[in-house]
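So the structure is just underneath, and the comments pick up after that.
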Amino acid sequence: MKKNFFIAFEGIDGSGKSTQVKLLKEKLELAGLKVYTTCEPTDSPIGKMIRDIFNHRIEADHRTIAALFVADRLDHLLNKNNGILKMLDEGYTVITDRYYLSSYAYQSPYMDLEWVIKANSLSAGLLRPDLNIYIDIPPEISIERLNKGRTSIELYETLDNLRNVRDKYFEIIELLKNEEKVFIADGNKNPEAIAIGIWDKIFGQFLEETVN
Ligand code: ADP
Ligand code: TYD
């Protein structure tokens with residue numbers, strides 16, 4: 001039984017990842033675990049550059065964006081201050097809002113999926129999630145939620161693109177079913193109902209033996 005683990009939340013924009021990261025953190029802390037939450041794009045200089053591109057402050061080709069995500073992810077894992085590997089070493093259970101499956105799903109509509117997977121192989125070799133949690137919502141709901149909370153639309157937040165990305169997620173989950181553990185949560189339910197489903201999965205997989 002591992003004493004701490006690494007969870008990655010995935011889904012299209014507005015699927016409820018950050019809501020569920022917060023709820024899962026609270027539940028894990030109540031169970032006595034030390035929890036570190038984080039996200040991609042990160043707040044490193046590389047992550048900031050990506051956000052500037054997404055907010056249309058600077059312009060870049062999709063291939064450049066794909067490579068920036070590769071670099072941001074390596075820094076997310078390896079940086080000496082609060083890198084994921086360091087936090088896991090210190091006994092934290094780490095939950096990230098997005099990891100390499102996001103790159104596979106968001107970058108592959110624009111370029112070869114095999115390239116994206118290969119370009120991320122250093123990260124996958126360093127650390128695979130013990131569990132990916134994919135929150136599924138229809139792209140129409142995503143757009144509705146994004147329109148409520150925002151005044152500007154980011155680079156990948158169009159209905160057509162999010163339809164492609166959702167299809168890619170399902171394609172990738174099937175393609176990588178022998179390598180990646182993925183739990184699919186129904187993002188149409190209310191946040192607490194989704195959190196209960198996720199908690200049942202996490203408890204059964206990581207905590208049951210510790211508690212009994
Ligand atoms: P993400 O991190 O995937 O972009 P958020 O957790 O920020 O998603 O949620 C996006 C928006 O949808 C927020 O306004 C949030 O309050 C709302 N929301 C989150 N989960 C649900 C849900 N299960 N049902 C309805 N609205 C939700
Ligand atoms: P994020 O801040 O998680 O957006 P949201 O909270 O709306 O889901 O991510 C910003 C954007 O970055 C989002 O549109 C998805 C995109 N993205 C990629 O294209 N590739 C990646 O590898 C990652 C991590 C994110």
Side-chain angles (χ1 to χ4, degrees), residues 7-21 38-42 46-47 49-73 76 95-121 123-124 128-129 131-177 179-189 191 194 198:
I7 305 285
F9 274 84
E10 295 288 348
I12 61 174
D13 298 64
S15 53
K17 294 177 279 58
S18 24
T19 304
Q20 293 303 322
V21 166
T38 181
C39 67
E40 295 183 3
T42 69
I46 307 166
M49 192 183 291
I50 293 171
R51 287 186 196 282
D52 280 344
I53 297 168
F54 276 73
N55 293 326
H56 311 284
R57 275 193 284 271
I58 49 179
E59 191 275 331
D61 185 84
H62 294 293
R63 289 162 288 192
T64 312
I65 296 172
L68 284 172
F69 273 116
V70 171
D72 189 41
R73 185 158 299 124
H76 198 196
I95 308 174
T96 182
D97 185 337
R98 299 194 179 282
Y99 194 47
Y100 52 69
L101 293 192
S102 284
S103 279
Y104 301 176
Y106 278 82
Q107 273 60 67
S108 67
Y110 299 97
M111 52 202 295
D112 182 35
L113 173 61
E114 269 198 35
W115 185 91
V116 184
I117 293 178
K118 268 201 198 122
N120 278 283
S121 61
S123 294
R128 263 181 213 284
L131 185 67
N132 295 282
I133 299 173
Y134 172 72
I135 306 179
D136 187 44
I137 59 162
E140 292 77 10
I141 302 284
S142 158
I143 293 289
E144 226 173 79
R145 288 187 190 171
L146 294 174
N147 285 344
K148 263 190 211 159
R150 307 250 185 92
T151 46
S152 66
I153 295 298
E154 290 189 356
L155 187 64
Y156 292 146
E157 293 177 345
T158 62
L159 185 57
D160 271 356
N161 189 59
L162 292 177
R163 281 187 178 137
N164 278 336
V165 171
R166 180 170 179 266
D167 289 349
K168 287 289 178 190
Y169 265 119
F170 281 111
E171 186 185 320
I172 286 152
I173 290 168
E174 174 60 24
L175 181 75
L176 301 178
K177 62 179 180 227
E179 290 133 75
E180 296 294 335
K181 289 196 189 106
V182 182
F183 174 70
I184 300 179
D186 178 359
N188 290 308
K189 296 183 185 163
I194 299 169
I198 291 172

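Predicted, not measured: the structure shown is a model, and the values here were computed from it.
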- If you measure only the distance, is there a donor-acceptor pair under 3.5 Å linking the side chains of T42 and D72? yes
- Query: Any luck finding a side-chain donor-acceptor pair between D13 and Y106 under 3.5 Å?
  - Reply: yes
- Message: Nearest 0.5 Å, please: how far is CG in N55 from CD1 in I50?
- Response: 12.0 Å
- In this structure, NZ of K189 is separated from CD1 of I137 (nearest 0.5 Å) by 14.5 Å
- Query: Distance-only, no hydrogens or angles: does the R51 side chain make a donor-acceptor pair with backbone N or O of P41 under 3.5 Å?
  - Reply: yes
- Task: State the CD1-NZ distance between I133 and K181, to the nearest 0.5 angstrom.
- Result: 12.5 Å
- Message: Tell me if the CZ atom of R150 is crowded by more than 12 foreign heavy atoms within 6.0 Å.
- Response: yes
- Please answer whether the main-chain N or O of S102 pairs with a side-chain N or O of E10 as donor and acceptor at a distance below 3.5 Å. yes
- Message: Less than 4.5 Å apart, side chain to side chain, heavy atoms only: is that true for L101 and Y134?
- Response: no
- Message: I need the E171 CD to S108 OG distance, nearest 0.5 Å.
- Response: 6.5 Å
- Query: Are N147 and I153 close enough, and set up right, to give a side-chain contact (heavy atoms from CB on, under 4.5 Å), and what steps lead you there?
  - Reply: CA-CA 8 Å; N147 285 344; I153 295 298; 3.8 Å; yes
- Item | Between Y110 and N161: side-chain donor-acceptor atoms closer than 3.5 Å | yes
- Task: Kindly determine whether Y169 and D136 satisfy side-chain contact (heavy atoms from CB on, under 4.5 Å), including the steps that lead there.
- Result: CA-CA 9 Å; Y169 265 119; D136 187 44; over 6 Å; no
- Student check: side-chain heavy atoms of F69 and N120 closer than 4.5 Å: no
- Is there side-chain contact between T19 and I194, with heavy atoms separated by less than 4.5 Å? no
- So, Q20 side chain and P191 main chain: donor-acceptor pair closer than 3.5 Å or not? yes
- List the steps, then state whether side-chain contact (heavy atoms from CB on, under 4.5 Å) holds for I172 with K168. CA-CA 6 Å; I172 286 152; K168 287 289 178 190; 4.3 Å; yes
- Going by the side chain to side chain contact (heavy atoms under 4.5 Å, CB included) test, name the single residue among V70, I65, V116 that passes it with S103. V116
- Under 3.5 Å: donor-acceptor pair, side chain of D186, backbone of N188: yes
- Would the H62 and Y156 ring centres measure less than 6.0 Å apart? yes
- Query: Just wondering, do S15 and F9 contact through their side chains at under 4.5 Å, heavy atoms?
  - Reply: no
- Item | Check against side-chain contact (heavy atoms from CB on, under 4.5 Å), T64 and I53 | CA-CA 10 Å; T64 312; I53 297 168; 5.7 Å; no
- Item | Any side-chain heavy-atom pair of P129 and E180 under 4.5 Å | yes
- Item | Other residues, nucleotides, ligands: >12 heavy atoms within 6.0 Å of E179 CD | yes
- Does R98 use its side chain to pair, donor to acceptor, with the backbone of G11 at less than 3.5 Å? yes
- Nearest-0.5 Å distance that lies between atom CG in N132 and atom CD1 in I184: 10.5 Å
